[in-house]
Amino acid sequence: MIFGRYPSRDKQDKAIAVSAKKFRSAVGSDTSNGLFGNMALYSRVSGSVGLITLQNPPVNALSAVVRQSLIDLMDRALSEPEVKSVVICGQNGKFCGGADIKEFRSDMTGPPLVPMIDRLELSSKPVVAAIEGVALGGGLELALGCHYRVAHSKTRLGLPEVTLGLLPGAGGTQRLPRLVGIPAALELITTGRHVTAAEALQLGLVDFVTDHNTIEAAVKLALSVAGKSLDSRRISTCKCPRPPYADALFEEAMQRVRRSARGAIAPVACVQAVHAAATLPFARGMEQEKQLMATLFTSGQARALQYQFFAQRAVSRWSTPSGARWDTSKPRPVHKVAVIGLGTMGRGITVALAQAGLSVVAVETHEKQLMEAKRVVSGMLERGAKRLGAPPALDKINYSCEIQAVADVDLVIEAVFEDMVVKKTVFRQLSAICKPGTFLFTNTSGLDIDELAAQTRNPELVVGMHFFAPAHVMKLLEVVYGRRSSSQAVATAMKIGKNMDKISVAVGNCSGFVGNRMLRPYLDQAFFLLEEGATPELVDQALEEFGFAMGVFRMSDLSGLDIGWKVRKAKEMVSKTHQDCRYSPLGDLLCERGRFGQKTGRGWYQYDKPGGRVAKPDPWLHSFLEKYRAQRGFVARRIDHQEVLERCLYALINEGFRILEDRIASGPEDIDVIYVLGYSWPRHRGGPMFYAQMVGLSRILEKLEYYHQLHLDIPSLQPCSLLRKLVANGRPPIHKWVEVIKNPHSHL
Ligand SMILES: CCCCCCC/C=C/C(=O)SCCNC(=O)CCNC(=O)[C@H](O)C(C)(C)COP(=O)(O)OP(=O)(O)OC[C@H]1O[C@@H](n2cnc3c(N)ncnc32)[C@H](O)[C@@H]1OP(=O)(O)O
């Protein structure tokens, strides 16, 4: 499978210390016999140490060629009598980012990882891993096959295979527990969490941490251990330490992953593999690892998770229908940013900006709110700093209750109340106050960017930034370009997003942008299902079993029913008569009765008190629904989970196809990243568009046609023409959809 829309730039980080190169030149290494190219380099340093450098930018992934080179170079080191020990490192300050994920989708060729690592461990000469930058997945498993591990203090280590729908299938599930014990191994393998070098040292995962030249330290160690017995250094020969409470540990781990994995199979397999390490000899444990891996490797979940991995990187290569592109648009440097409005969103944005190292002018015109915001923002920064072990960026922020304080900033992010009239006033003010060229960005979840831009002297400087709450935590940012937004403004918004550690997706301007626009038909279907006989519990259960963290009604109770009500009132949907098009007033009726969800202790569910969190079915709601149906002529019928999923999800997917057709999103990856990161779409299902491909476009079309025939008054169930076109074009794979969109006459 091909991922991504454009080839990425060579991200080789030339600036990072190339300590292997430096070290070779410092000690005068003998590279005359060196094997250049072939994705690994061999040289001899300090007379008797064979130095193997992985060379596969950008992350030295263990591709087939790298694996073959590594085997050849190890053989060479073993065959040279002068060589007494070996050091393995990675080029450009990165040890190894693991197996080459791109290879997983084609037939795997080249020597397999497992025997390669086994042979390494069996080596009669000591092998030291010199770990810099990252040692992840197969990269860490390679290091675990070495006899010693030296890490630079800034290295991150981990076994993140579970996040790709796999398990550490190159011996990681068997060696890690033997080295660090079952509790730590279980945690690291089932979560895929990266650890710092300091934590790795504490766990016993590495033997030595240095702040200086890692290769130098590794070579020094290699020289000192040359000729010594390796018996105790081969992890596979060690017994797995088994605490007396091991059974309870596994039981607890299994319950935890089943609870949090929401249907993902990889975390469960990870627990089973570590269990094998604890109970079986190494060779049998490896057999078990292999079997579990075989199931995962070909699973739809692994495909979905790997697709999402690449999609999250592909979205940075944005483009707009007018031809602006990531690689031809240059962002303008931004040093000073203003945030206008310090409500919940403004506070989160301020924190994220300060944490990104930018100077922030935080403006809130109400003095009392300003003081409160300052207190809350400082607390957030302090807590964040404590977690990271860094000083809080308190001095990055200047607070003001005067909007004039923004006069000299490079960029403003407006985050006032979500109301077009209020925002328009602020934009007119900003346009008058700010220095020429200041970018004016608006945090909105769906208002018209062009309408706001029209209030300013320079509409090309206006872009939307849809942050998700809490803005300093949530990874997703929708960057919304208007009709007149300049490519520089879009590039700058994308860059600021990246600086704030967000995954930014550039999308076009329409009501609700991508995320909220697709949510509308999904929510509508959920309401219609209640009218037709379902309960909130039934709908939520179906969606939660599918993998959503929360069903639509529990989520609505959490975020507050009044929010949607306000929007619907503003759009006059509440007061309008809906003749041709079905509209369910259920949400409005609940709001009219003061049932706003958790905050009022009543919503689609009942709670023990206002602010309570445990949702319980509410008999009042059930009888309310019965009366409502009776009054409006609905006859309740049995609705099953399959119908809930088909109606809610296919309607949402159909809107996704419309969005692609309208060129609001430039590819299905954009939609899928938005849904996984912003709307808790289960990651192991890839995203709505990927899921559509998995289900089969013909089936989605057929089902939409079926439901639309039954509900002709629900236009969102009418299959969109792009979906029809894709089916007519032979249902091309997801990475080819864009060709059909761009060329309507395409016959793939
Ligand atoms: C039956 C078969 C058995 C097989 C053996 C199975 C055992 C082993 C399995 C594995 O090792 S699976 C891979 C495990 N490793 C990871 O999950 C790490 C993934 N990468 C990252 O987390 C990050 O990329 C990074 C290494 C921390 C670097 O982050 P940074 O922000 O600096 O760069 P990125 O933009 O993320 O990546 C740059 C570029 O590199 C591509 N890439 C990264 N890792 C891999 C990889 N392992 N394989 C292939 N390609 C990789 C990434 O996609 C980016 O390229 P573009 O997508 O932008 O073109």
Side-chain angles (χ1 to χ4, degrees), residues 1-13 35 37-41 52-74 88-120 129 131-146 156-173 192 194 266 289-290 293-294 296-299 301-314 316-317 669 686 735:
M1 187 188 289
I2 300 162
F3 297 99
R5 298 163 286 195
Y6 302 108
S8 64
R9 274 187 186 141
D10 181 1
K11 290 194 187 155
Q12 194 174 331
D13 189 354
L35 242 181
N38 284 343
M39 307 292 210
L41 168 71
I52 298 174
T53 309
L54 307 179
Q55 292 190 315
N56 185 14
V59 300
N60 298 321
L62 294 165
S63 63
V65 193
V66 173
R67 299 196 299 274
Q68 187 59 59
S69 305
L70 197 48
I71 290 170
D72 294 345
L73 299 181
M74 258 318 282
I88 301 179
C89 66
Q91 184 193 40
N92 275 345
K94 284 187 184 135
F95 181 70
C96 178
D100 187 339
I101 308 165
K102 288 189 180 101
E103 282 184 354
F104 291 172
R105 297 276 67 88
S106 50
D107 289 336
M108 297 281 284
T109 56
L113 260 180
V114 170
M116 183 192 96
I117 294 172
D118 287 350
R119 270 178 65 181
L120 191 75
I131 308 174
E132 295 175 303
V134 286
L136 298 174
L140 181 55
E141 293 175 285
L142 172 71
L144 290 172
C146 297
R156 282 186 293 149
L157 305 95
L159 293 174
E161 285 90 337
V162 69
T163 64
L164 298 168
L166 304 174
L167 51 70
T173 65
H194 298 182
E289 179 189 276
K290 188 175 169 184
M293 181 66 158
L296 297 179
F297 199 73
T298 49
S299 69
Q301 294 196 4
R303 279 183 59 194
L305 287 157
Q306 289 159 30
Y307 160 84
Q308 183 61 215
F309 173 87
F310 287 111
Q312 289 186 13
R313 282 147 183 89
S316 65
R317 300 188 279 278
E669 300 95 340
H735 64 274

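Computed over heavy atoms, backbone and side chain alike; hydrogens, waters and symmetry mates excluded.
In this view, E141 satisfies the side chain to side chain donor-acceptor pair (under 3.5 Å) rule with no residue, not counting sequence neighbours. Under the ring pair (Phe, Tyr, Trp, His ring centres under 6.0 Å) criterion, F104 pairs with F297, not counting sequence neighbours. Take S299 and apply the side-chain contact (heavy atoms from CB on, under 4.5 Å) test, not counting sequence neighbours, and it matches I265, Q301, A302. Residues passing the side-chain contact (heavy atoms from CB on, under 4.5 Å) test with L167, sequence neighbours excluded: T173, A269, C270, A273, E289, L292, M293, L296. With sequence neighbours excluded, the residues forming a side chain to side chain donor-acceptor pair (under 3.5 Å) with D118 are R175, listed by chain and number. Remark: L157 engages I131, A135, L140, T155, V195, A200, L205, V206 in a side-chain contact (heavy atoms from CB on, under 4.5 Å) (not counting sequence neighbours). For P115, the side-chain contact (heavy atoms from CB on, under 4.5 Å) criterion is met by P112, not counting sequence neighbours.
Each of L159, V134, L136 was scored for a side-chain contact (heavy atoms from CB on, under 4.5 Å) with H194, with one residue passing: L136.
Between L142 and F95, the closest side-chain pair of non-hydrogen atoms falls below 4.5 Å.
When atom types are taken as modelled, the side chain of D100 and the backbone of A64 share no donor-acceptor pair closer than 3.5 angstrom.
Here salt bridge (Lys or Arg N to Asp or Glu O under 4.0 Å) pairs that include residues 54-67, with residues two or more places apart or in two chains, are R67-E103.
Summarising the geometry of A40 relative to I52, their closest heavy-atom pair is CB-CG2, 4.4 Å, with the distance given to 0.1 Å.
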